[in-house]
Amino acid sequence: MEQRFDLHIHSCHSPDCKSCPADLFAAARRAGLSGVAITDHDSFGGSQEALALAPRDLLVVPGVEFSTEYGHILCYFLKDDPYAAGLRKGADGFFAFDELCAFACAQNAELFAAHPYRGTRFTEALLPRLRGIEAFNGGNTPRRQDANDRACALAGRLNLPFSAGSDAHTLSAVGTGARILDLPEHPTLAQFRAALTAPGGAVFGRYSPAAPEHFWYAQMFRGRKKYRRAAKQLAMGLAGALLYDPFAPLRASTRAIARGAVITIGGSR
């Protein structure tokens, strides 16, 4: 049975999101998802809350999006809170990648590079330390479409396992990116893990044809800063949104993904 799983969703346990897990479950149902991964920024709290509330009709995959010196790393199948287990950020505000790898190994967790070609210092030299990469990220938007294209191409070229997700910070974005897997109607976490870590398969992706939704949650986050700086950033962000890639709807590749497209990676489905 072909099912979709959004494996990169933020909740109110991230500083730039207000969505509670219960509302995220409702949004996931509306999007036709079979499961979600709550991957908050450097916090396991969202996953813990989601697991406590997990409904029977949705698989909840525990996870965290860690900030490291090489960029954001998605960690799936955690068992313990990383802070309680002794993992700490360095003075630079990042988790050390080597320490994260050791922690994931001790937890029997899996590491995937998040949006590897957008705003990171990811290199292919890291791949032996990771299980795979995020092949489609819904936050990349049409203007950054090449970031997803490059990630999909890398996963296909090296036959890597891959995840996919919306990177949702608002309820409306849930389901705009998803990993497609052939699983029983109500899979166990073990069945899901085996399918996710096998190479080949497909992702679903859909871009917003309007201004990127991450503009709005960015303003919510910036509003916590001092008024003058926040007002300046808001004005600049609004100007950028109004001028946002006006030619995107004219490009055939963008039009297809704006409607929602299934992208096959690493062979036929």
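We use all heavy atoms of the structure for the numbers below, so side chains are in, but hydrogens, waters and symmetry mates are not. Note that this is a predicted model, so its numbers are computed, not measured.
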Hey, could you give me the [atom1]/[atom2] distance between [X] and [Y], rounded to the nearest 0.5 Å?
X    : Y    : atom1 : atom2 : value
Q3   : H186 : CD    : NE2   : 8.5 Å
E99  : L87  : CD    : CG    : 6.5 Å
T170 : K18  : OG1   : NZ    : 12.5 Å
D23  : L171 : CG    : CG    : 5.5 Å

Heavy-atom side-chain contact between [X] and [Y] under 4.5 Å:
X    : Y    : answer
Y70  : L100 : no
H72  : S67  : yes
S11  : L24  : yes
S163 : R179 : no

(message) Through direct or indirect side-chain contacts below 4.5 angstrom among Ile, Leu, Val, Met, Phe, Trp and Tyr, which residues connect to F112?
(response)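 Hydrophobic cluster check, F112: joined to F5, L7, L59, V61, L74, Y76, F77, L181, L183, L189, F192, L196.
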
Least distance between heavy atoms, [X] atom then [Y] atom:
X    : Y    : result
E49  : P21  : OE2-CD, 3.4 Å
A173 : A168 : CB-CB, 3.7 Å
L130 : A113 : CD1-CB, 3.9 Å
H13  : D40  : CB-OD2, 3.3 Å
F204 : G175 : CE2-O, 3.5 Å
G138 : T176 : CA-OG1, 4.4 Å

(request) Apply side chain to side chain contact (heavy atoms under 4.5 Å, CB included) to Y117 and D149, showing your working. (result) CA-CA 9 Å; Y117 294 107; D149 293 341; over 6 Å; no

(message) According to a hydrophobic-cluster definition based on side-chain heavy atoms being under 4.5 Å apart (Ile, Leu, Val, Met, Phe, Trp, Tyr only), do I265 and L160 belong together?
(response) no

(message) Please determine whether residues L154 and I263 belong to a single hydrophobic cluster, defined as Ile, Leu, Val, Met, Phe, Trp and Tyr linked transitively by side-chain heavy-atom distances below 4.5 Å.
(response) no

(message) Tell me every residue that passes side-chain hydrogen bond (donor to acceptor under 3.5 Å, both in side chains) with S47, counting only those two or more places apart in sequence or in another chain.
(response)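 Partners of S47 under the side-chain hydrogen bond (donor to acceptor under 3.5 Å, both in side chains) test: none.
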
(request) Using the test side-chain hydrogen bond (donor to acceptor under 3.5 Å, both in side chains), find all partners of T68 that sit at least two apart in sequence or belong to another chain. (result)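 T68: no side-chain hydrogen bond (donor to acceptor under 3.5 Å, both in side chains) contacts found.
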
Backbone N or O of [Y] within a donor-acceptor pair of the [X] side chain at under 3.5 Å?
X    : Y    : result
H10  : T39  : yes
E134 : I73  : no
D6   : G165 : no

Applying salt bridge (charged side-chain N to carboxylate O under 4.0 Å, His left out), name anything that partners [X], two or more places apart in sequence or on another chain.
X    : result
E124 : R157
R131 : E110
R30  : none
K79  : none

Quick one: list whatever passes side chain to side chain contact (heavy atoms under 4.5 Å, CB included) with [X], sequence neighbours left out.
X    : answer
V64  : F44, F66, L78
C105 : none
R129 : F97, D98, C101
Y83  : D42, D81, R88, K89, F95

(request) Using the salt bridge (charged side-chain N to carboxylate O under 4.0 Å, His left out) rule, collect all pairs that involve residues 51-77, keeping only residues at least two apart or in two chains. (result)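 Pairs touching residues 51-77 that pass the test: R29-D57.
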
(message) As a quick check of understanding, evaluate side chain to side chain contact (heavy atoms under 4.5 Å, CB included) for H8 and S166, giving each step before the final call.
(response) CA-CA 6 Å; H8 192 160; S166 62; 5.7 Å; no

(request) Decide yes or no on side chain to side chain contact (heavy atoms under 4.5 Å, CB included) for L33 and V174, but give the supporting numbers first. (result) CA-CA 9 Å; L33 298 175; V174 173; 3.8 Å; yes

(request) Could you walk me through whether L127 and I133 pass the side chain to side chain contact (heavy atoms under 4.5 Å, CB included) test, one step at a time? (result) CA-CA 8 Å; L127 290 175; I133 64 170; 3.8 Å; yes

